[in-house]
Asks: 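Would you mind keeping the following structure in view while I ask a few things?
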Amino acid sequence: MNILTPFQKRKTARVDSEIFSVSRRDFLKTSGLLTGGLILGVSFFSCDSKGKKLATLAPNVYLSVASDGKVTIVAHRSEMGQGIRTSLPLIIADEMGADWNKVEIIQAEGDEKKYGNQNTDGSFSVRMFYKPMREAGAIVRLLLLRAAAKEWQIDVTKLDTQNGQVIQLGSSRKKDFGDLVQTALSLPVPKVSEIKLKDRQHFNMIGKETPIIDLHDIVTGKAVFGIDAIVEGMKIAVIKRCPVVGGSVKSVNDRKALAVPGVVKVITIKGAGLPATLSRPLSGVAVIAENTWAAIKARDLLEVEWELGANASYNSAIQIEELKQVVGQEGTLRRKRGDFDAAKANAKKVIEHTYIAPYLAHATIEPPCALAIVTNGSCEIWACTQNPQGARDAVAKELGVAAEKVKMNVTLLGGGFGRKSKPDFILEAAILAKESGLPIKVQWTREDDIRHDYYHAMSVQRIVATIDSQNKLSGWAHHIANPSISATEDQAVVQPSDGELMLGASDFPYNVPAINIATHDAKAHLRIGWLRSVRNIPQVFAAATMLDEIAEARGLDAVANALELLGEDRHITFEQELIKTTYPNYGEKIEDYPWETSRMKKVIERVAKESGWGKSMPAGSALGFAAHKSFLTYVACVVEVKVSQDKKISIPNVYYAVDCGLAVNVDRIKSQFEGGAQFSASFALKSAITVKNGEVEQSNFDGYQIIRMPDSPKQIHVYILDSDAKPTGVGEPPVPPFTPALCNAIYAATGKRIYTLPIDLTV
Amino acid sequence: MAKYSILVNGKKHDVDVMEDMPLLWVLRDIIGLKGTKFGCGKALCGACTVHLNDTAIRSCSFPISAIGYGKVTTIEGLSEAGDHPVQEAWEKFVVPQCGYCQTGQIMNAAALLKKNAKPSEQEIEQAMQGNLCRCGTYNRIKAAILEAAGTPVTAG
Ligand code: FES
Ligand code: FES
C-alpha cells in the first residue's frame, strides 16, 4: 500500500537523476506515440545524504526530440489546478533552450516502477523535482551542442541553444534541434558530471509567467477530466452508501430500481467496516445503468436496510462539548520548553481561550469518479487521481492480481485538495467492473461527495498565554483535541500524529521562555483525511489570533509583536524540546530546509510595507495580520475587512508576501495564492459539516456552503520575494494565515474576537 | 421514455429518453458533448450552464421535455475556433486553475454580456454568483468579463 500522507517522513533523502537512450518500442509503450528521433529516459532515483543510490527506477520521465523539431515530455504528476503539467516541463524546456511552442506534454500513467513517486500531495512537486528536471534539460542540451560541434567541426564552447535551435556564438549559423537528431543519435549520452546548469540570468521561462498548457482546451470545453473518460460499452454506476461510517447492508429491495428504463443491474458492495481505512470503499448498493440519469433515479428508488454499526449514536455537537472539557485538562505533553507552570504563577496577565473549528468537506467541483474495465485478470482504469500508484496498488490488492496487471490512466482533475489521493472511488469502479463483467464508470453525485468524504477533522483547542511584569510573553500552552487522520486506519489512535501536530502547533517558532504543547483524546467517528494545508487550518487560526490578542495586551501592534517574538536571526530546531514526538519538517531534513527566522521576518516586513500597515482606516474598516510557515514556504498575510452596520463582512484587499525559494512559474504561484485566499475564505465565513446520529447533515452546496463571487475577497496582491533558495511548495501555504488575519481585522474593525469558525457576527 | 428532437449548436438531434432527463445528461451521455459539466445536479453551482435561446440556464435542472423548439448552445458551439471575446479574455488573464468550472463560467458570462454589454463590477458579481469555483478564480473571471466588455481593467 502506498498511501503517504503529505507530511510523513519520506524514505528518500533526496532525488537524483540519470539519463539514457530509450528504444522507440519502449517509448511507444509508455506514451502511445510513434516518433522517429532522439528519445531519452530520465530515471529519478532516491539516494541517501551521501549520494549513495538507494533505489534505481526504470526511466520515469521521457523526453524526445523528433526530427521535425518537436519536443515531447511525458509528465508524471497529476494536474489539479496547480499548473504542474506546465511548471515541470517548462523547467526542462528552459534548460534545454527549447521552443515552448514546439513542446508537447503527455500525461503519464500511474506506475511507480516506471515513474517514481507520483503522489501529488503536500506541495512538493516543484520542490522535489526542480534540480533533476534541470539536469535532464541540460543533458539534452549538451548532447545537441555536441552534435552541432561534430557537424560543424568546431568547439562546443562556441555554441549555445535558443528557441529550439543550436546557434554559433558571434555568427549567424544555426540549426534546428530536429536536424541535429541524426548526429546526436550517434553520440553517447552525456553524464550529469559533464553538464553546467544555466545561470539564473539566462532563464527564459523560469521566474516568468507562462500560461498553463491546457488553457485553450479548458476554455473550449475539450479538456478531459475524470468525468469525461469514456469507453465503448461503458455503463454508469451510482451507489447508495451506508449513511454511517462502518455500517453495512442488511437487505436490499431493488424491485422499483430495476424497473427504471435503462437500468442493467444492482450490485451490493461489501465495504471496509471499521476501521474505515484510507484505501477501501464504503459499504453500499450500486445501480448500474445505461446513462447517469437512469442510475441516479433508480438509486433513489432502492430500499436498503442498513446495519448502522457503532457510529450510529455519534453527534458532533455533543463531542465538541465533551472536548471543551477535555482540553481543560493537562493532556499528553508533546513539546516542553522551560517551566510553563512557573511562568503562569508569576504572570502579570494570563489570557486563556478555547477555539472551535468544524469538520470540513473538500467539495471539489468535479465529484469523485472513475472508469474501470476488468478482463481476464487485468484491469484498466481512467481516473482523476492525485495518487495513481497508491490507487493502482489498492486496485491490484482488491482484485487479487499483480500490480503490473493494473493500468492506471490519469485524467485532468477537476480539483483535488487531498480528496482524490484516496482510491475508494476507483476501487468501487474496479469491484463493479469485475462483478458485472462490464466497463463501469462510477459517478459520485454532490450528495455522495458531501456525505461520504474523508473529512478534515473538527478541532477544539485551548491556548493559555502569560505575560510577565516586564511585559514579555513568558509562557505559551497550546492544548489540542481532534480526531486524527491515523484513526481512519487504526481506531485505537485517539491523538494527533507528529505530522498533524507539526502543522501550526509543535512548530511554534517564537522566542518564549516556557512552552507546553499538549494533546488530548478525541475519538474518530467519520473517515478523516487531509485537506489543503491540513491541521494548519485550525491550529494557525487559534495560534495567530491569540498572538494578536497578546500584542494588544502588550500594547504593541501585531507586526511589531511578531518581529520581536521571532527574535534574532537564527535557524530554529524543535527536536530537543519534543517529547515522544518527532518533527517531520514536511518530509525534508532540517539541514536541507532549515527554519530561518530571517526569512520569516522579511516576508512580514514586506507585507507590512505593501499593505500600508499602521495607516488609519475609516470606521468599520481595518487591517489584520498573520504569518505562518508551512510546507517549507514562508508567508505573511494582511487582510483588509469592511464590516457594515448590519454586520456584513466584505474583504476589499488581501496582501500576501511569500518566500518560496526560487520562483519557477510566477503566474501559477500568484494564482495559487489568489485561490488559497478564496479557499480559506470559505472556511472562515461559510463552511461546516455537522453530524447527527452518525449521519452528515449537509448534502449539497445549499447546506455546505463555499464562498461565491459577491462575498469573495476582491483584490489579492501577491509579492514574491526574490530568492535563490531551493524552490518550495505554493499549493497549501496561502491557506493557513488568511483566516486568522481576517479574524484579527474583524476584531480591529468591530472589537469582537472570533473563537469559533465559521465566523458569525450575529451571535 | 419519449422521443425528442432538439437543436444543439445549430444541429438537430433526435433522442429517445426519459421525459424528466435533465438536458445536462442528454448532452453528456446521449449526444456526447462533454464540455458541459456536472457539479451539483441542483442548480447550485453553475458548472452545467448552457444557453437556451441566448439565456443562461442550468442544464442539470432543466428537463428535456421543457426544451421544445428552443435553441441550445453549449461551450462547443459558443464559437467556431474558441475565439469568442469571452474565451479570448479568459486566455488573456489565464483564468482557469483546474478548469472544471470554467465552461459553465464562460457560458454564464457570455449570456450576461448579451443582455448587458457593459456590466458594472456589482452587476458582474450578481450575475455570476450562481457559478462556484472551488479553486478560487473569481477575480480573474471578473477581470476577463470586464475585458471582454471593453471596460478598462484596473490592475490588481
Ligand atoms: S450541476 Fe447544474 S448547477 Fe450544479
Ligand atoms: S478552476 Fe477549479 S473549480 Fe474553478
Side-chain angles (χ1 to χ4, degrees), chain A residues 79-83 209 211-212 214-216 218-225 227-228 230 236 261-262 291-294 296-297 363-367 412-417 443 445-447 667 671-672 674-679 681 700-702 706-710 712-717, chain B residues 1 17-18 20-22 24-26 28-30 32-42 44-45 47 74-76 78-79 81-82 86-88 90-91 94-103 106 121-122 124-126 128-142 156:
Chain A
E79 178 62 74
M80 49 189 175
Q82 80 283 41
E209 312 211 346
I212 50 173
D214 299 306
L215 186 54
H216 190 70
I218 288 171
V219 304
T220 51
K222 294 197 188 83
V224 177
F225 294 89
I227 198 174
D228 305 320
I230 184 166
I236 308 290
N291 61 69
T292 316
W293 182 242
I296 290 173
K297 277 193 78 164
T364 55
I365 305 295
E366 178 193 40
L412 290 178
L413 279 68
F417 314 121
Q443 180 62 55
T445 62
R446 178 59 53 200
E447 288 78 8
D667 176 65
S671 67
Q672 285 296 302
E674 292 159 11
Q678 306 291 2
F679 205 76
N700 208 317
F701 289 122
D702 43 359
I706 63 173
I707 203 99
R708 292 173 182 273
M709 194 187 271
S712 67
K714 292 289 141 21
Q715 304 268 341
I716 298 162
H717 314 266
Chain B
M1 303 286 283
V17 296
M18 277 185 270
D20 60 353
M21 186 185 279
L24 170 69
W25 299 117
V26 178
R28 289 187 56 87
D29 288 359
I30 313 295
L33 291 169
K34 303 272 189 190
T36 306
K37 301 302 186 208
F38 166 62
C40 71
K42 296 275 160 67
L44 295 165
C45 79
T74 69
I75 188 73
E76 290 88 349
L78 183 64
S79 62
V86 169
Q87 288 169 310
E88 285 184 337
W90 241 250
E91 293 205 25
V94 198
V95 173
Q97 287 188 30
C98 81
Y100 190 78
C101 73
Q102 299 293 339
T103 51
I106 288 168
E121 284 203 34
Q122 278 71 26
I124 293 174
E125 287 178 10
Q126 288 316 310
M128 298 301 291
Q129 68 173 326
N131 288 74
L132 290 174
C133 176
R134 188 58 154 159
C135 298
T137 62
Y138 295 132
N139 292 325
R140 293 197 194 205
I141 289 174
K142 206 195 297 170

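Residue numbering restarts at 1 for every chain, and letters A, B, ... go by the order of the sequence lines.
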Asks: A:Thr445, A:Asp667, A:Ile212: which one forms the most heavy-atom pairs within less than 4.5 Å of chain B?
Replies: A:Asp667
Asks: Which atoms of A:Ile296 come close to chain B, meaning under 4.5 Å heavy atom to heavy atom: side chain ones, backbone ones, both, or neither?
Replies: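 When you check distances to chain B, only side chain atoms of A:Ile296 fall under 4.5 Å.
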Asks: Ignoring hydrogens, what is the shortest heavy-atom contact between A:Pro261 and B:Met1? Give both atom names and the distance.
Replies: CB-SD, 3.8 Å
Asks: Count the heavy-atom pairs under 4.5 Å between each of B:Glu76, B:Gln122, B:Met18 and chain A, then report the option with the highest count.
Replies: B:Met18
Asks: Against chain B, label A:Glu209 side chain, backbone, both or neither, depending on which of its atoms sit under 4.5 Å from a heavy atom there.
Replies: neither
Asks: Given the rule in the side-chain contact (heavy atoms from CB on, under 4.5 Å) test, do A:Val224 and B:Lys34 qualify, once you have shown the distances and angles that lead to the verdict?
Replies: CA-CA 8 Å; A:Val224 177; B:Lys34 303 272 189 190; over 6 Å; no
Asks: Can you say whether B:Gln102 sits under 4.5 Å from chain A via the side chain, the backbone, both, or neither, judging by heavy atoms?
Replies: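 Side chain of B:Gln102 only, per the 4.5 Å heavy-atom cut-off to chain A.
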Asks: Could you tell me whether the side chain of B:Asp20 reaches within less than 4.5 Å of the side chain of A:Trp293, counting heavy atoms only?
Replies: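 Yes; the side chains approach each other to less than 4.5 Å.
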Asks: Considering non-hydrogen atoms only, spot the tightest contact between A:Val219 and B:Pro96 and give its length.
Replies: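 Closest approach of A:Val219 to B:Pro96: CG1-CG, 4.3 Å.
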Asks: CG/B:Leu132 to CD1/A:Ile706 distance, rounded to the nearest 0.5 angstrom?
Replies: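 So the gap between those two atoms works out to 4.5 Å.
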Asks: Which heavy atom of A:Leu215 sits nearest a heavy atom of B:Trp90, and at what distance?
Replies: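 Smallest heavy-atom distance, with atoms named: CD1-O, 4.4 Å.
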Asks: Looking only at heavy atoms and a cut-off of under 4.5 Å, which of A:Lys297, A:Glu366, A:Gln678 has the most pairs with chain B?
Replies: A:Glu366
Asks: Report yes if the side chains of B:Tyr138 and A:Pro710 come closer than 4.5 Å at any heavy-atom pair, otherwise no.
Replies: no
Asks: So do B:Glu91 and A:Pro211 actually touch side chain to side chain, heavy atoms under 4.5 Å?
Replies: no
Asks: So do B:Ile141 and A:Met709 actually touch side chain to side chain, heavy atoms under 4.5 Å?
Replies: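 In contact.
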Asks: Examine whether an atom of A:Lys222 lies under 4.5 Å from a heavy atom of chain B, and if so say whether it belongs to the side chain, the backbone or both; otherwise answer neither.
Replies: neither
Asks: Minimum heavy-atom separation for B:Cys98 to A:Gly414, with atom names?
Replies: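 For B:Cys98 versus A:Gly414, the nearest heavy atoms are SG-C, 3.5 Å.
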Asks: Select one option (side chain, backbone, both, neither) describing which atoms of B:Met21 are under 4.5 Å from chain A's heavy atoms.
Replies: both
Asks: Looking at B:Val17, B:Asp29, B:Leu44, which one has more heavy-atom pairs under 4.5 Å with chain A than the rest?
Replies: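 Top option by heavy-atom pairs under 4.5 Å: B:Leu44.
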Asks: Using non-hydrogen atoms only, which part of B:Leu33 is less than 4.5 Å away from chain A: side chain, backbone, both, or neither?
Replies: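 Contact with chain A involves no heavy atom of B:Leu33 at all.
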Asks: Tell me, for A:Ser712 versus chain B, whether the close heavy atoms (under 4.5 Å) come from the side chain, the backbone, both or neither.
Replies: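 Contact with chain B is through the side chain of A:Ser712 alone.
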Asks: Specify which of B:Glu125, B:Gln126, B:Met128 makes the most heavy-atom pairs with chain A at under 4.5 Å.
Replies: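 Max contact count across the listed options: B:Glu125.
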Asks: Considering only heavy atoms, which portion of A:Ala223 lies under 4.5 Å from any heavy atom of chain B: side chain, backbone, both, or neither?
Replies: backbone
Asks: For residues B:Gln129 and A:Arg708, report the shortest heavy-atom separation together with the two atoms involved.
Replies: O-NH1, 2.8 Å
Asks: Might you point out which heavy atoms bring B:Gly39 and A:Phe701 nearest each other, and give the distance in Å?
Replies: O-CE1, 4.0 Å
Asks: Would A:Ile227 and B:Arg28 count as a side-chain contact (heavy atoms from CB on, under 4.5 Å) if you check the C-alpha gap in whole Å, the side-chain angles of each, and the deciding distance to 0.1 Å?
Replies: CA-CA 10 Å; A:Ile227 198 174; B:Arg28 289 187 56 87; 3.4 Å; yes
Asks: Using the rule given for side-chain contact (heavy atoms from CB on, under 4.5 Å), can you reason through A:Asp228 versus B:Lys37, listing the C-alpha separation, both sets of side-chain angles and the distance that settles it, and then say yes or no?
Replies: CA-CA 9 Å; A:Asp228 305 320; B:Lys37 301 302 186 208; 2.6 Å; yes
Asks: Once you round to the nearest 0.5 Å, how far does CD1 of A:Ile218 lie from CD1 of B:Ile75?
Replies: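 Separation between the atoms: 11.5 Å.
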Asks: Side chain, backbone, both or neither: which part of A:Phe225 has a heavy atom under 4.5 Å from chain B?
Replies: side chain
Asks: Is it the side chain or the backbone of A:Ala294 that comes within 4.5 Å of chain B heavy atoms, both, or neither?
Replies: both
Asks: Starting from the C-alpha separation in whole Å, work towards a yes-or-no answer on side-chain contact (heavy atoms from CB on, under 4.5 Å) for A:Glu674 and B:Arg140.
Replies: CA-CA 9 Å; A:Glu674 292 159 11; B:Arg140 293 197 194 205; 2.7 Å; yes
